[in-house]
Amino acid sequence: MKKILFAVAAMAIFASCSKNNDNIEPDYNENNLATLSVEFDNIVGERTLVLNNTASPYTNAAGEKFTISKVQYFISNIKVSKADGTTYTVNQDSSYFLINGADKATRFATVKVPEGDYTKLTFTVGVDSLRSTMDISKRTGVLDPSGSMEDGMYWGWNSGYIFFKMEGNSDVISNDTNGDPTGKKQFKYHIGGFGGYSAPTINNIKTVTVDLTTGGIARVRKDRESNIHMLVDLVKVFNGTNSFSIAAHPSVMFGDFSTSIAGNFAGMFKHDHTEN
C-alpha cells in the first residue's frame, strides 16, 4: 500500500513539474495590471527616418539611392515572458496597433501586463487570420476597415489587411511597365495575406521574438511605466535575408515575391534599450 501511495505522490509531483515546464500561463487578475509600452522607432541604416528626404537620400545594399514617402505597419498579439519561462499574452482586444511613420504619436504600443521582470517580447507583424475573418463589429479602432481604408491599410477588393506598407522614390526605376509608367519613379510595397478564407493563399503573417536581456529587461511596476525601445531598420526591407534591388522589384503587392519581403520583417526589429 505504501508503494502505491509513493507512486501516486511521485506522479503528482511529476505532473506538477511538467505543467511548469510547459510554460502554461498562470492566472492573473485582469483588473490588477501595470502599464508597459513598446516604442517602434523607425530608422534607415544608422540614420533616423525622414520622409521625402530628397536632399540626402538613403542607399541600399545594391547601391541604389532612394527616399521614403510613406511607411505604416500593424503590430499585434503582444506577449511578454519572464526568465523562468512563464508568459503573459495581452488581451487580444487591446493588442492591435498601427504604426505610422508620418505620425510619431503612433510609435507607442501601450498595453497592460502583470507586474514582473520580463526578459522576452513577442509580437506579430500583421493581423492574424482569426481577427481578419471576424465580423466587422469585432474589428474596431485601427482595425476598422473603413478607417484602415482611409489609411490605405485595407484591400477592399480582397477583404484583407495590408500588414506592411512602404512607398518612396528611386531614380533606378524605369519609366515603362516594368517600373513606373507615370514617370514618377515610385516604388510601392504593400504586403499582406493571412492564408485565405476558404482556400489557401499567401500567408505573410510574421511573429517576431526579441531577447531583452542585453539591452535591459522590462521591470514592470504599477508606480512607474516601463518602455521597451525598439529600432525598426527599414533598409532591411531590401537588405534582409531575401536581399533584392528596387530596379528589379519596384512594385510588390499580393504576389509571390511578397513572401520574400515578408521574410525580411524579423530582421528589421532590434531592441535598443529599456527605460524603467
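We're numbering straight along the sequence, starting at 1. These numbers come from the heavy atoms of this one structure, side chains and all, not from hydrogens, waters or symmetry mates.
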message = Are more than 12 heavy atoms, taken from residues, nucleotides or ligands other than K82, located less than 6.0 Å from that residue's NZ atom?
response =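 For K82, atom NZ is crowded (more than 12 foreign heavy atoms under 6.0 Å).
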
task = Would you indicate whether K120, at its atom NZ, is surrounded by more than 12 heavy atoms from other residues, nucleotides or ligands within a distance under 6.0 Å?
result =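 Check fails, neighbour count at 12 or below.
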
task = Sort and list the pairs that fulfil ring pair (Phe, Tyr, Trp, His ring centres under 6.0 Å) and have at least one residue in residues 205-235, not counting sequence neighbours.
result =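 Counting only pairs at least two positions apart or across chains, the ring pair (Phe, Tyr, Trp, His ring centres under 6.0 Å) contacts touching residues 205-235 are H229-H273.
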
key: Residue pairs, two or more places apart or on separate chains, that pass ring pair (Phe, Tyr, Trp, His ring centres under 6.0 Å) and touch residues 208-227   =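 Qualifying pairs: none.
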
ask   = Mind checking what makes side-chain contact (heavy atoms from CB on, under 4.5 Å) contact with V208, not counting sequence neighbours?
value =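 With sequence neighbours excluded, V208 shows a side-chain contact (heavy atoms from CB on, under 4.5 Å) to F123, V125, V210, A266, F269, given in chain and number order.
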
Which residues share a side-chain contact (heavy atoms from CB on, under 4.5 Å) with S243, sequence neighbours left out =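 With sequence neighbours excluded, S243 shows a side-chain contact (heavy atoms from CB on, under 4.5 Å) to no residue whatsoever.
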
key: Minimum side-chain heavy-atom gap Y73-F163 below 4.5 Å   =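 No, too far: nothing below the 4.5 Å cut-off.
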
key: Least distance between heavy atoms, S69 atom then N52 atom   =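 For S69 versus N52, the nearest heavy atoms are CB-OD1, 3.1 Å.
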
Minimal non-hydrogen separation, D256 against I202, with atom names =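 Closest approach of D256 to I202: N-CD1, 4.1 Å.
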
ask   = Which hydrophobic side chains are connected to L130, either touching it within the sub-4.5 Å cutoff or through other members that do?
value =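 Result for L130 is M134.
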
ask   = Do R47 and D233 meet the salt-bridge criterion of a basic N to acidic O distance under 4.0 Å?
value =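 Salt bridge between D233 and R47, a charged N being under 4.0 Å from a carboxylate O: no.
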
request  = For the pair F66 and Y58, name the ring-plane relationship: parallel under 30°, tilted 30 to 60°, perpendicular over 60°.
outcome  =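 Ring orientation of F66 relative to Y58: tilted.
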
task = Name all pairs fulfilling the salt bridge (Lys or Arg N to Asp or Glu O under 4.0 Å) condition that reach into residues 209-227, sequence neighbours left out, sorted by first residue then second.
result =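 Qualifying pairs, neighbours excluded: D117-R219, D117-R221.
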
